[in-house]
Amino acid sequence: MRIPFETIDWSQLPTTTVSGTTGTATMRTVQHDGLRIRMVQYSADYLADHWCQLGHLVFVLEGELINEHEDGTVNVLKAGMSYHVSDGLSSHRSRTKEPVRMIVVDGAFLR
């Protein structure tokens, strides 16, 4: 995979909003072949509507992200923290108490 030099003005990208079990996730997305980069804003009291097994690189910009794992483990990430995982190595979902803004990178390189 070859990625050209590119700057991103996130404020100029269209938004997509999806509902969780509670709350919403609003995303701005840059898509390349085998690579997706998203600026994601979770609302207060957001709870994902599914357990995710995809790999991600996640960097929390603002707020506090609560990452629940299907095995009962919970990780709390504050602004400036990150996590990374490859596809199939975790069954996780996101939850928030207050709004959270983060960068999420995923794609074929995490298989």
Side-chain angles (χ1 to χ4, degrees):
M1 167 176 35
R2 296 180 54 81
I3 302 166
F5 181 87
E6 177 180 30
T7 61
I8 303 167
D9 181 349
W10 292 101
S11 68
Q12 298 302 307
L13 297 179
T15 60
T16 302
T17 300
V18 296
S19 295
T21 299
T22 59
T24 58
T26 301
M27 294 166 258
R28 297 175 188 267
T29 305
V30 172
Q31 184 72 55
H32 290 283
D33 186 33
L35 174 67
R36 178 174 66 169
I37 307 166
R38 294 176 289 161
M39 173 80 67
V40 179
Q41 173 89 36
Y42 287 147
S43 68
D45 300 315
Y46 175 78
L47 175 62
D49 66 352
H50 66 282
W51 293 101
C52 180
Q53 295 185 348
L54 293 178
H56 309 287
L57 307 175
V58 174
F59 182 80
V60 178
L61 299 167
E62 297 173 358
E64 188 172 278
L65 176 66
I66 303 162
N67 204 280
E68 301 177 337
H69 301 265
E70 203 166 20
D71 70 4
T73 304
V74 174
N75 302 107
V76 178
L77 288 87
K78 298 178 185 211
M81 295 178 70
S82 65
Y83 80 83
H84 54 271
V85 65
S86 289
D87 288 359
L89 295 182
S90 171
S91 186
H92 53 273
R93 68 180 177 187
S94 296
R95 182 167 48 95
T96 67
K97 293 179 183 174
E98 301 298 327
V100 170
R101 192 165 61 99
M102 60 193 186
I103 295 284
V104 180
V105 179
D106 45 36
F109 68 98
L110 290 169
R111 290 188 185 138

Worked check of side-chain contact (heavy atoms from CB on, under 4.5 Å) between Val105 and Phe59: CA-CA 9 Å; Val105 179; Phe59 182 80; over 6 Å; no

Tell me, do Arg28 and Ile8 make a side-chain contact under 4.5 Å, heavy atoms counted? no

Quick check for you: to the nearest 0.5 Å, what is the distance between Leu61 atom CG and Met39 atom CE? 5.5 Å

For Arg95 and Thr22, run side-chain contact (heavy atoms from CB on, under 4.5 Å): C-alpha distance rounded to whole Å, both residues' side-chain angles, the deciding distance at 0.1 Å, then the answer. CA-CA 9 Å; Arg95 182 167 48 95; Thr22 59; over 6 Å; no

With a 3.5 Å distance limit and no angle check, can you tell me whether Glu68 reaches the backbone of Gly72 through a side-chain donor-acceptor pair? no

Can you find a pair of side-chain heavy atoms, one from Thr29 and one from Leu13, that are under 4.5 Å apart? no

Walk me through it: do Glu6 and Val30 pass the test side-chain contact (heavy atoms from CB on, under 4.5 Å)? CA-CA 10 Å; Glu6 177 180 30; Val30 172; 4.0 Å; yes

Other residues, nucleotides, ligands: >12 heavy atoms within 6.0 Å of Glu98 CD: no

Linking Ile, Leu, Val, Met, Phe, Trp and Tyr through side-chain heavy atoms less than 4.5 Å apart, which residues share a cluster with Val100? Val18, Met27, Val40, Tyr42, Tyr46, Val58, Val60, Leu65, Leu77, Met81, Tyr83, Val85, Leu89, Met102, Val104

Taking CG in Asp9 as the centre, count heavy atoms belonging to other residues, nucleotides or ligands within less than 6.0 Å. Is the count above 12? yes

For the CG atom of Leu57 and the CG atom of Asp106, what is their distance to the nearest 0.5 Å? 8.0 Å

When you measure from the side chain of Thr24 to the backbone of Thr17, do you find a donor-acceptor pair of N or O atoms at a distance under 3.5 Å? no

Surrounding NE2 of His84 (heavy atoms of other residues, nucleotides or ligands, distance under 6.0 Å), is the total greater than 12? no

